Novice: 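Take a look at the following structure, please.
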Amino acid sequence: MRRPIIAGNWKMNKTISEALGLVNEIKEEANKTDVEVVVCCPFTVISEVKKAIEGSKVKLGAQNMHWEDEGAFTGEISANMLKDLGVDYVIIGHSERRQYFNETDEIVNKKVIKAIEKGLNPIVCVGETLDEREKNRTFDVVKEQTLAAFRDVSNDGMKDVVIAYEPIWAIGTGKTASSQDANEVIAYIRSLLENKYGIEISEEVRIQYGGSVKPSNATEIMNETDIDGALVGGASLKAEEFLEIVNF
Ligand code: PGA
């Protein structure tokens, strides 16, 4: 049985006081559920959020990292720095990073390898654009991105990985993939893992859906057989909405 994992991706939102307000509302409720609850915060609030969630079941996530250990990379944050802050998860290859910051599949791969090496759990995002979906290229694109992201990642390394299938056209748009469509793509990603890593790993890796997940569609999405969780953007910024999703 894969343990469901619901992660909030706060993106570029929340000052320290706002972040603390949100996480303090989330943590008690999160203690009552068996669902794994993660908050992926901006770097600037991580250390304060870490203190606030001390003793609770909420896990700490970041939204990005660099693939080098250290050096002349102005403005970047390393895996060591995240480990030092007590971070558990790091989102890698979010479509906004791919789209606005030119992250390629190769960069995503380097980051995934570094995260695993340093003992961070990467939440690796894949997903097609609207144009690709309309051209029936969804499965090809997802295959390309998935195989590229995990190039040279061993069976052992895969045990730390979470994958998030996020169709780009569903992110922040209010449009969601139908839960059946999302499940079909996610089952396909699992079959790719099975081909490469065998049945045991493919049955173990958790695969989330992301893209306009909200209280009104969370139950349906989470009831699908292959969907193990959600990566939640907009609806993770309000405690009430996020908790309704956590308690799907
Ligand atoms: P959304 O974002 O829930 O606001 O669509 C999801 C994401 O980008 O991870």
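It should be emphasised that the depicted structure is a prediction, and the values quoted were computed from it without experimental measurement. Counting convention: from 1, in listed order, for ligands and their atoms alike.
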Novice: List the atom pairs, with distances to 0.1 Å, where a side-chain N or O of residues 198-205 and a protein N or O form a donor-acceptor pair under 3.5 Å, not counting sequence neighbours.
Specialist:
unit_1: S202; atom_1: OG; unit_2: I199; atom_2: O; d: 3.0
unit_1: E203; atom_1: OE1; unit_2: R2; atom_2: NH1; d: 3.4

Novice: Just by distance, with hydrogens left out, do N9 and S236 show a side-chain donor and acceptor under 3.5 Å apart?
Specialist: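 Their side chains do not contain a donor-acceptor pair, so the 3.5 Å distance test is not met.
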Novice: Pairs of donor and acceptor atoms involving the side chains of residues 237-248, under 3.5 Å and at least two apart or interchain, shall be tabulated with distances.
Specialist:
unit_1: N247; atom_1: ND2; unit_2: E29; atom_2: OE2; d: 3.3
unit_1: N247; atom_1: ND2; unit_2: L243; atom_2: O; d: 3.3

Novice: Which ring pair (Phe, Tyr, Trp, His ring centres under 6.0 Å) pairs, counting each pair once, include a residue from residues 189-223, with sequence neighbours left out?
Specialist: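 Found none.
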Novice: Does either side chain, that of S179 or that of E224, offer a donor lying less than 3.5 Å from an acceptor on the other one?
Specialist: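 There is such a pair between these side chains.
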Novice: So which residues, sorted by chain and number, lie with a heavy atom under 4.0 Å of ligand 1?
Specialist: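 Close residues (ligand 1, cut-off 4.0 Å): N9, K11, H94, E166, A170, I171, G172, G211, S212, L231, V232, G233, G234.
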Novice: Considering residues, nucleotides and ligands other than K118, do more than 12 of their heavy atoms fall under 6.0 Å from its NZ?
Specialist: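 Yes - once you tally the heavy atoms of other residues, nucleotides and ligands closer than 6.0 Å, there are more than 12.
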